[in-house]
Amino acid sequence: MSYLSLILQITLIVVISPLIGQLMIKIKSKAEGRRGPSLLQGVRELGKLLKKGEINPIGTGSAFALAPAIYLVSTLVLSAIIPLIALKLPGSSNYDLFWVVGILLIGTIALGLGGLDTATAFGGMGASRELMVAALIEPSILMAIYALSIRANSSNIFKIVHATLSNPQQIASPQSALALIGLVIVVVAEAGRIPIDNPSTHLELTMIHEAMVLEVNGPKLAMVKLASSMRLVILIGLVVNLFFPIGISYSTSSVGSIILGIVALVIKVSLLAGLLAFVEVFLAKLRLFRVPELLAGSFVFGFLAVTASYFLPVIKA
Amino acid sequence: MSVGSFTSLFYFDIGAFLFFTMAIAWRKSLFGQVRLLRANAIALFLLGLLSGIYAKDAALIGLSIVILLVRAYGIPTIIARAIPHSGDQWESTRVVNTTASILIVAAITAFAYILTEPLVALNPTKRIASLPVGVSALLIAVFLIVTRRRIATQLIAFALFDNAISACAFVLTEGVPLVVESGALLDVLLLIFVLVALASNMRSQTQSMDIAELRELHE
Amino acid sequence: MNASDLLGLIVLLPILVSVALYFFGWNGATQKMEVVSVLAIGVASVVIYLDSRHGKLLQFHNLLSGDALTAILLGLTCVVSTMAILASREYLERHPGDQTKLVQSNKGYAMAMQIFIAAMTLAVVSDNLGLTWVGIEATTISTAFLVAHKATTKASEAAWKYVIICSFGITIAFFGTVILYFSAINSGMSPANALVIHDLVKNASHMRNNATTLGLGLLLIGYATKVGLFPFHTWLADAHSQAPAPVSALMSGVLLSVAGGVLLRISEISRLSIGHKVFSDVLMTMGVATIVIAAMLLVRQKDYKRLYAYSSLENMGLIAVGIAVGSKIAIYGLIIQIVGHGISKGIVFITTGHIYDELGDTSIDSLRSLSHRSPILATFAIIGTVGILGFPPFLLFGGETSIAFGLIRSHDIIALIIVAGALLIAAISIYRHGIAMLFGPVGPGQDTRPFSIKTRATLMLFGASLLSLLLGIDGPNVTTIARAGANAIGVSL
């Protein structure tokens, strides 16, 4: 049953991520007064890309060839090591938040190398920007993780979520609020959304992620697109479960609780994704020079969360 | 109100107080900074109100309402008059750039924690444990006074400095005696008024809103 | 009426006068009221002193109190304020500002002056550290208008620097007050008494902890800013040189010393709680550094108002050294120093004001052969300057030697050598500049017309000079009064 639920979790992520991505576009369109594409548009695009043939730019080697696959596989691994629908997944006692950071970075670097391999102006520019953002995210995400680990005395995701479940009052503390703000900024940056990057444009010199994968096409592009939307869903799911683990099933023994876990996850992720999309309507993309300011801000939130965890005593109910 | 929920609300409010202080270090728009100063003062008012309701102290509640009027309405309104309504409304000539400022602000909070440890140890209650937050706001205000060059920002930093001291007073002692606090409020209000008057004087004389231009007097 | 109500009255009276000034304008009647409000301070000073000789401490609702030190500072306030108010009449006649603007009008000037005097009086008679703070901060606000009264770019700039630096320092002192209050309450004092200076002194021995150290340290920094001690001295010369002469006289002669008096009170609390060592080491360093800086800046000074401003700085450094030594003879010396410096500096600044009114320039080079152009002004300049240099028979001689004795007895020989050396350099510089201004040959093309001075002004300066001479000669009485002041701080040898 436990391996079955793991497979269920991975499948769920793969299935819902194009839908969630499309949901965000739909909400943005509605908020801007447009009708927006149908929710299935993302799936249709993936199908279309998979049917297309492949063109490899002249002179590209294995970096370009392997990048989408590594990106997708790393994301699939990620979806297996984070408790999203149930806590006690196989191997969950070994999965650390630091692993998450590392695996996220593997995918980013693979894609960055792929972008450099094309030797075009856009690929190189996008890769260098993406890696700059990744490097700036790193300290913030580590700080936020550190702040969360203090609470549970461990950086193991299972233990952190478990600690939150057994003492929900500690969520209502400034340190949690600070860590949450810090992590949300990180997620937005990592997923390449406004105000760090604009995923819906190919026309500006300011684009980051899309510039990096400009030369990728056909089934490879499908992989990259799928993995990107999966990453967003996984990260949102992670934040949601770290701070509001309501509904998550503790063990994998009962079918009812697993189903409840799935439903809860889908609702929570859709809500937060919808909220993100709605907020994006009011934001403009930051100039690249101001991105470090925002990420420094998220670092400070993480840092404050850490210091506050040390000097503010935990309030127990 | 129970001790637990009071402490929890108190922490959140003082956290918000610090957040608005830090946000001023980030914002470049002068009017934006004034709005953040207002928010900061409202957080201060809530701090007093919470303590007053918790301790059932009518004088403290009254004092916090006066704080709301003077610090959240009076002072920011006066400072806004020092900002030119046409022309440069941005605080762009900084001694330390924004990213570095934000990181220094982080370092300041850690420093405040070390600095206040002996004080907190003297009377380690849950309320006094949040003293480092107040002291951080204080030190951030000092940092802003030292590194910002626009007259309006200097005034804002000055008002922040004063708000932070009041916040520390609420954390440490539920506010200093009423006579002192009201005298202090009046003084700060007048002080900001004097500074704004001087600033408009200087602007009409030198056409500048940058204190780096003050170079007439020197040895 | 109770004698202790007098304490409240002398703070209230100048405020009422400023209200009257607002409604009736600056005219013959209100001008008389100005003088009355100041003379009341003198009366209160005498009453308080006589009461203190019977060991009685006047107190007013945990807020105000009067002991011998209060009486001495009030006496000084009365004398110098009278001089400043009388000299202001000449100043306002010579410099009529834009009467349509309250800040630049005669009325506004007189009102700010009265509020300034009320604030200083409050800081002196206050027995509550919070109220002291309010008084000192109010002096900053009221003098800001006075410093900027001339409405020139330079004056505005000086006022800006003055307000920013001083109020920043004073705000630090407020934080110190809060922390001291916290520490006092933690040591078991009731919230109503936790800021009362006399109660703090009684309870100080229970307050030996880090919070007290921090609180007192912040108070020291805050009030040292207002005294003008290094490294917070930068505002002093600018403000004093740009302010109207009577205001400079009052700021330099009284305000600095009032802030010094607050430091003296705080030093008593510190001596009885955390021990004198930490506090005095810091204060000694600041004081000695201030004297050295002042001496260095005096050597190549080009502006005679700044020259005297730096001389104030040097004297304040000496007072800080006196507080730092903290023995009876040093406190005794610094009290004499405060009084002597106040009156002599008043004479000097008002005299320079008259010179500036005639000359229209404050640079030393522009002023030559004063002894020919105005023997009267030259005489007063000499009396004042000799007074602040500490030559016998003036009071400062006694003050400086007593502080020097204090340094010798506490074996601070290094400090003594540095201070004596710096004072010597300062004296030589002032002497050199003074001789050039008094007797120096007039340069080619320089104006040589004689200066005129009104009889009224002459009489006032004459009275003040006579007072400063008499105080210098009347050793026994001055000694008794200064001893009583030192006793009020509770020091013993």
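Here the structure is a predicted model, which means the values were calculated and not measured. Below, chains carry the letters A, B, ... as their sequence lines are ordered, and counting in each starts from 1.
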remark   = Between Ile128(B) and Phe182(C), the two heavy atoms sitting closest are CD1-CE1, 3.5 Å
remark   = Most contact-rich option vs chain C, by heavy-atom pairs under 4.5 angstrom, among Thr116(B), Leu191(B), Val142(B), is Leu191(B)
key: For chain B, which residues of residues 137-150 of chain C have heavy atoms nearer than 4.5 angstrom   = Glu137(C), Ala138(C), Ile141(C), Ala144(C), Phe145(C), Ala148(C)
query = Where do Leu119(B) and Asn210(C) land on the side-chain contact (heavy atoms from CB on, under 4.5 Å) test, with the steps shown first?
reply = CA-CA 7 Å; Leu119(B) 275 181; Asn210(C) 286 328; 5.9 Å; no
ask   = More than 12 foreign heavy atoms under 6.0 Å from CZ of Phe6(B): is that the case here?
value = yes
ask   = Around Phe143(B), counting heavy atoms of other residues, nucleotides and ligands shown, do more than 12 lie under 6.0 Å from its CZ?
value = yes
inquiry  = Determine whether Val135(B) and Phe175(C) satisfy the following criterion, side-chain contact (heavy atoms from CB on, under 4.5 Å), listing intermediate values before the conclusion.
reply    = CA-CA 10 Å; Val135(B) 173; Phe175(C) 190 44; 4.2 Å; yes
request  = Write out, in numerical order, the residues from residues 108-115 of chain B with a heavy atom short of 4.5 Å from a heavy atom in chain C.
outcome  = none
ask   = What residue in Asn209(C), Thr177(C), Thr213(C) has the most heavy-atom pairs under 4.5 Å with chain B?
value = Asn209(C)
task = Considering only heavy atoms and a distance below 4.5 Å, find which of Ala211(C), Ser167(C), Gly130(C) pairs most often with chain B.
result = Ser167(C)
ask   = Where does Leu186(B) contact chain C at under 4.5 Å (heavy atoms): side chain, backbone, both or neither?
value = neither
ask   = Can you name the closest pair of heavy atoms from Trp160(C) and Leu155(B) and give their distance?
value = CH2-CD2, 4.2 Å
ask   = So which of Leu138(B), Val194(B), Val188(B), Leu195(B) has the largest heavy-atom pair count under 4.5 angstrom toward chain C?
value = Leu195(B)
query = Is it the backbone or the side chain of Ile172(C) that comes under 4.5 Å from a heavy atom of chain B, or both, or neither?
reply = both
ask   = Tell me, do Asp162(B) and Phe174(C) make a side-chain contact under 4.5 Å, heavy atoms counted?
value = no
ask   = Roughly how far, to the nearest 0.5 Å, is CD1 of Ile179(C) from CD1 of Ile165(B)?
value = 9.0 Å
ask   = Heavy-atom distance under 4.5 Å to chain B: side chain of Ile170(C), backbone, both or neither?
value = neither
Which atoms of Asn128(C) approach chain B - backbone, side chain, both or neither, heavy atom under 4.5 Å = side chain
